[in-house]
Amino acid sequence: MSLTVAARAVFVRELTLFARRKSDWANPLVFFLIVCSLFPFAIGSESEKLKLIGVGAVFVGALLAAMLTLPRLFDEDAKDGSLQHILLSREPLAALILARLAAVSVALALPLAIATPVFSLFYALPTDVALTLAVSVFIAVPTLVLIGAIASALLVSARGGAILTAVLVLPLTIPTLIFGAGAALKVLFGQSPAAELALQAAYLLFALALCPLAAAAALRISTD
Amino acid sequence: MIWESWSAFWSMGGRGFFVWGSYGALAIAVVAELIVLRSARKRALEESHERSDGGSL
Amino acid sequence: MLELNKVVIERGGRALFAPLSFSAAGGVLVRVAGVNGAGKTTLLRALAGLTSVESGTIHWLRKVSPHKNSRTSIFIGHSNGMKDALTARETWAYNEGVDGNFVTDAEIEAALHKMGVASLIDRRVGTLSQGQKKRVALSRLFSSSAANAAWLLDEPFVALDAATQILLAQHVSAALARGALVVLTSHQAIDIVAERVLEIELTPWKRGDA
Amino acid sequence: MARTEQQSNDRFAGRWFWRFASPAQFYPVAGMIEKICWGLALVLAAVGLYIGFFRAPTDATQGEVYRVIYIHVPAAWMAMIVYLAMAFWCAIGLAFGTRLSFMMSHALAPTGAIMAAVALWTGALWGRPTWGTYWVWDARLTSTLILLFLYIGYIALAAAFDDKKKGDRASALIALVGAVNVPIIYFSVQWWNTLHQGASVRPGSSSMATVMLTAMMIMTFAFWAYCVAVAMNRVRTQIIERERGAQWLGSGKGIKP
């Protein structure tokens, strides 16, 4: 029983912080918008060329936007000392981290996924492609948050910051990138995205199983 | 010995640049690594001597 | 009851202080003294379980407390460990909730009242002054889960005005009187009424201190 | 708190013996292994290259440029094997906390990264005459590229910590997370590759004459011996550096250079 109380406390706190601090989810959205709008300037505006680039540009834009919140995960709490509460809690650290990452994922994946079809308009993507892309972004963001949590936990007391987090995290998100963007490309070519979405979801579940444990171990290591 | 002459060997059937470019890169990597290894070892030894004859903390 | 046996803590490959051994029962005020950087804060963090020791042992021997999930020790560090965007009430709910304890509003108000900041319960922590933040942080000492906990206070009197320092000193004396163990680091000479005081001096590590 | 309830340090006491005994004792052993492997590497490389260049015939389709395979494939294989060895030592280090294991993984990482880089470089130089472009998004080349990223991540993370002990364990954890992900990355790159290009011509997949194969195998062992020798050398250097720290803690064990 007390674990549900603890998990709920962490979840509620995270969502309250997101609600109170608009910039936590607004910044990633603005960044996502800007990244999506950059490519047409580089590629030219004929819709045929843009359509092909669009899927990759939008998906990578969403991934990078989600990367912005990773430093905020543990670094900030370590600096203002509030990290000690989860470290000292009697409840398993991995469960508390999972509750926290769930809240961050929901608060981040929703706005980004909703924005995806809108920003896809830059690339004249057909609606079914844009909607598939929204689904794959909705799966990709939690995956990235889960993997990013490990790097962010490791870097709590290290120099390096955002760049090093990206170096550690992005290679590990390649599977979700391949399957996520692949799903939308399949729809673009009129095929069913089922296989790709299933594989992407499988990778998310794999991350869901392992990352909280690894992040808990990482926190124990870096805050020791 | 399947090469008629040394020049045929170096030209590698016209692909000498690519073959020797690859082997050259490997050679450079190995030599560079050896140099780094030796200098790291020398520095560690010097510091360790400094530390042990330095004595007092 | 706390027992340390030849404890050595390393930071960046260097031992912070000479191997430390002492034991202190409930009701004892342990004053940890040492120059800046001697490792006072790190020692407290190790007692709280936030840091592991390089060698030696730290034993907390606790009589079984009636309250199921009560804490062994409660650590109030330099940084208050509170989020500016949350209110005092929400901070309290989180701090206790994370440990699995459900806390009532009445309990929060009572604890805040002890430090004289009950009126700030719904104010965002970000809008409070340093002194007020410290007092909200210190109010956690009076949570039901910390009833039998040892107090680990790192520079608690910093940022407090004179009246509040006296108030806190009285609370510490009261805690000692009811048998709680208090471990305190402070540069300020605040006299706290206590029957048994244990002065611990953290001396730098010297070669050969195996 | 469970952690402080009995924070007796048997976990640390148990390690006390390991930490001070094994690095100092391992030092001469590493020296011996290193010497043997240097000899092995030189001999095997000489034999392998001789057979590769002077015994193996010209390839029917690719002419002479295929001879790059004698270093391209061994380098790619070693990049993978060294990463697995690194992850193995990281797991041992995290499980038992012995510093020697972390020294081994730190010793292996740079060599593994070089192997991956050499594999990519030689792959590019081979690709140019064969497929007309320096970079081919072939499944194995791409996976080696990602492996290089994992190496860089490990090395960068190890360097980001002032506290060596923390750096060891943090980099060990990211190496393990990477190792767990390698098969998934290989699979997803494979899937992605067949999605876009269909089965591209694999370097070296054309049926190879046995003499070419033997040359390549000999070169692989030469590379393996080289990696072990370099790793042993780095471990010895680290032992000197870190044991200096141990002397300072009063372990009193003299280290002969």
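It should be emphasised that the depicted structure is a prediction, and the values quoted were computed from it without experimental measurement. In what follows, chains carry the letters A, B, and so on, assigned in the order in which the sequence lines appear, proteins first and then strands, with residues in each chain numbered from 1.
- With rounding to the nearest 0.5 Å, the separation of CD in D:Q238 from CZ in B:R41 is 12.5 Å.
- The two residues B:S48 and D:I240 have their closest heavy-atom pair at CB-CG2, 3.7 Å.
- Heavy-atom pairs under 4.5 Å with chain B peak, among D:V65, D:L49, D:T58, at D:V65.
- Rounding to the nearest 0.5 Å places CZ of D:R236 at 11.5 Å from CG of B:L37.
- In this view, D:Y154 and D:H106 satisfy the ring-ring contact (aromatic ring centres under 6.0 Å, His included) rule, not counting sequence neighbours.
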Which pairs of donor and acceptor atoms, one on a side chain in residues 17-33 of chain B, lie under 3.5 Å apart (sequence neighbours left out)?
| unit_1 | atom_1 | unit_2 | atom_2 | d |
| --- | --- | --- | --- | --- |
| B:W20 | NE1 | B:W10 | O | 3.0 |
| B:S22 | OG | B:F18 | O | 2.8 |
| B:Y23 | OH | D:R67 | O | 2.8 |
| B:E33 | OE1 | D:Y226 | OH | 2.4 |
| B:E33 | OE2 | D:T111 | OG1 | 3.0 |
| B:E33 | OE2 | D:R234 | NH2 | 2.8 |

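- In this structure, the portion of D:A56 lying under 4.5 Å from any heavy atom of chain B is its backbone and not its side chain.
- Chain B forms more heavy-atom pairs under 4.5 Å with one residue of D:I71, D:N233, D:T237, D:T122 than with any other, namely D:I71.
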